[in-house]
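Down below is the structure, laid out as structure tokens.
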Amino acid sequence: MSPSTDTSTFALRARWVIPVASPPIAGGVVTVRDGRILSVERNAVDRPASRTFDLGDAALLPGFVNAHTHLEFSDLAAPLGEPGMAICDWIPRVVAERRRPERDSDAAVRAGIQESVRSGVTAIGEIAQPNWSAPAIESLPLAVNVYLELIGTGPQRAHELCAMADQHLRRTAPPDARWTPGISPHAPYSVDRAVVERLRDMPLAMHIAESRDELELLATASGPMRDMLAALGAWREGTFGGLSPADYIRSIVADASTSGFATAASAKASRTSAPALVVHGNYLDAESLDVLAASQRPVFVVYCPRTHFFFRHEPYPLAELRRRRIAVAIGTDSRASNPDLSVLAELRFLAATFPDVPPAEVLRMGTLAGAAALGRSDECGSIEPGKAADLAAIRLDAADKLTPYEQVLHGVGDVLATIAAGRAVYDPLGLIAAEPIH
Ligand SMILES: [Zn+2]
């Protein structure tokens with residue numbers, strides 16, 4: 001196809017291009033063809049002007065990766081409950097919200113997808129309910145890991161959950177869609193460890209070490225979380241006591257060859273090298289950190305900065321995770337505990353909370369590390385030739401004497417445009433006016 005008729009090729013110029021995997025480029029130009037990044041250059045020439053769009057005073061970044069959310073709550077105007085509330089008081093509110101008869105979770109997921117692209121997010125680790133809707137997820141060309149949430153205890157329920165997981169893992173997206181299936185055993189207090197061990201070789205995300213109450217329940221089978229489970233009719237005698245988060249993390253990261261639980265069906269669907277996500281990890285103890293650091297399986301801790309702050313947890317163990325070189329990705333969690341679904345806002349909050357973390361590393365957590373956490377680092381997470389053209393343009397408003405990373409993280413500039421798989425999915429100013437962009 002000659003350049004003059006090739007409508008699938010266009011170029012974006014910005015004051016800064018921040019590829020993440022390589023140093024920022026002043027006046028960089030990113031060329032896109034057929035939904036993929038063709039080249040990343042400084043002041044590229046030789047382009048038909050009509051196909052080059054100048055984003056002006058902006059930084060062009062890889063699209064952000066939200067490694068953990070629950071889009072079903074994206075229609076909430078504000079988090080449930082009050083800041084600083086106990087998680088054992090908050091969970092019943094979530095349960096009640098989910099049971100609200102007039103709820104339209106499909107519309108909420110669509111709203112969450114739309115809000116994500118307005119925030120520059122192009123890849124999502126989504127925790128989905130059994131009635132999740134593929135068309136809602138496919139409403140925009142985002143890369144979504146659909147982790148089916150598994151909740152319930154007891155042998156009969158374990159059997160049901162494994163069957164549900166098996167069915168979900170067999171699903172495949174249509175050729176032009178970008179979602180892949182995974183599973184999410186909810187948390188140590190809400191799903192049996194036998195289920196986790198049976199499914200552990202799958203792409204997996206699990207809330208672990210989220211609260212002190214959870215640790216108390218595991219260790220002593222008592223405390224506020226026991227009372228909460230009893231009130232919800234979900235208490236099972238003899239399940240807890242003498243356990244710690246490390247036991248669950250071990251169940252997830254253990255070498256697949258030692259698994260004695262894999263069913264024929266799950267073995268067939270096995271993706272042994274698929275990353276595992278330990279979501280929150282607010283109260284990871286030394287033993288848990290040891291297990292994570294020694295894991296042969298790729299494992300990521302997903303820090304949800306503003307949700308952590310909403311509950312007024314103790315300081316996040318980020319320094320310890322970094323010291324042990326345990327990979328950290330970033331999630332917003334849902335709007336039931338967070339004001340919005342912006343990973344950029346999470347990164348700015350993190351940068352302000354942890355000024356010692358180098359800005360380049362902060363940005364990597366919300367892009368390339370997140371892509372790796374979703375098993376998609378070959379596909380997205382950085383601006384590199386061959387990867388999907390998943391891009392976010394951020395308005396630069398901070399002093400130019402700052403580094404480009406700092407201008408993004410210390411500024412308040414909003415998202416100007418978002419591109420997913422080469423398509424302008426958010427472009428309110430018409431900066432990328434070429435039509436059609438495929
Ligand atoms: Zn969550």
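Order of listing sets the numbers, starting from 1, for every ligand and every atom in it.
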Geometry at the Zn ion (ligand 1) - His68 NE2 versus Asp333 OD1 angle, rounded to 10 degrees
90°
When Thr307, Asp340, Asn66 are each screened for side-chain hydrogen bond (donor to acceptor under 3.5 Å, both in side chains) with Thr332, the one that passes is Asn66
Closest N/O/S atom of His70 to the Zn ion (ligand 1), by atom name?
NE2
Parallel, tilted or perpendicular: which one describes the rings of Tyr303 and Phe354, with boundaries at 30° and 60°?
perpendicular
Can you tell me which N/O/S atom of His207 has the shortest distance to the Zn ion (ligand 1)?
NE2
Identify whether NZ of Lys or CZ of Arg in Arg312 sits under 6.0 Å from the centre of the six-membered ring of Phe310 and within 45° of that ring's axis.
no
So, are Arg364 and Glu361 salt-bridged, with charged N and O less than 4.0 Å apart?
no
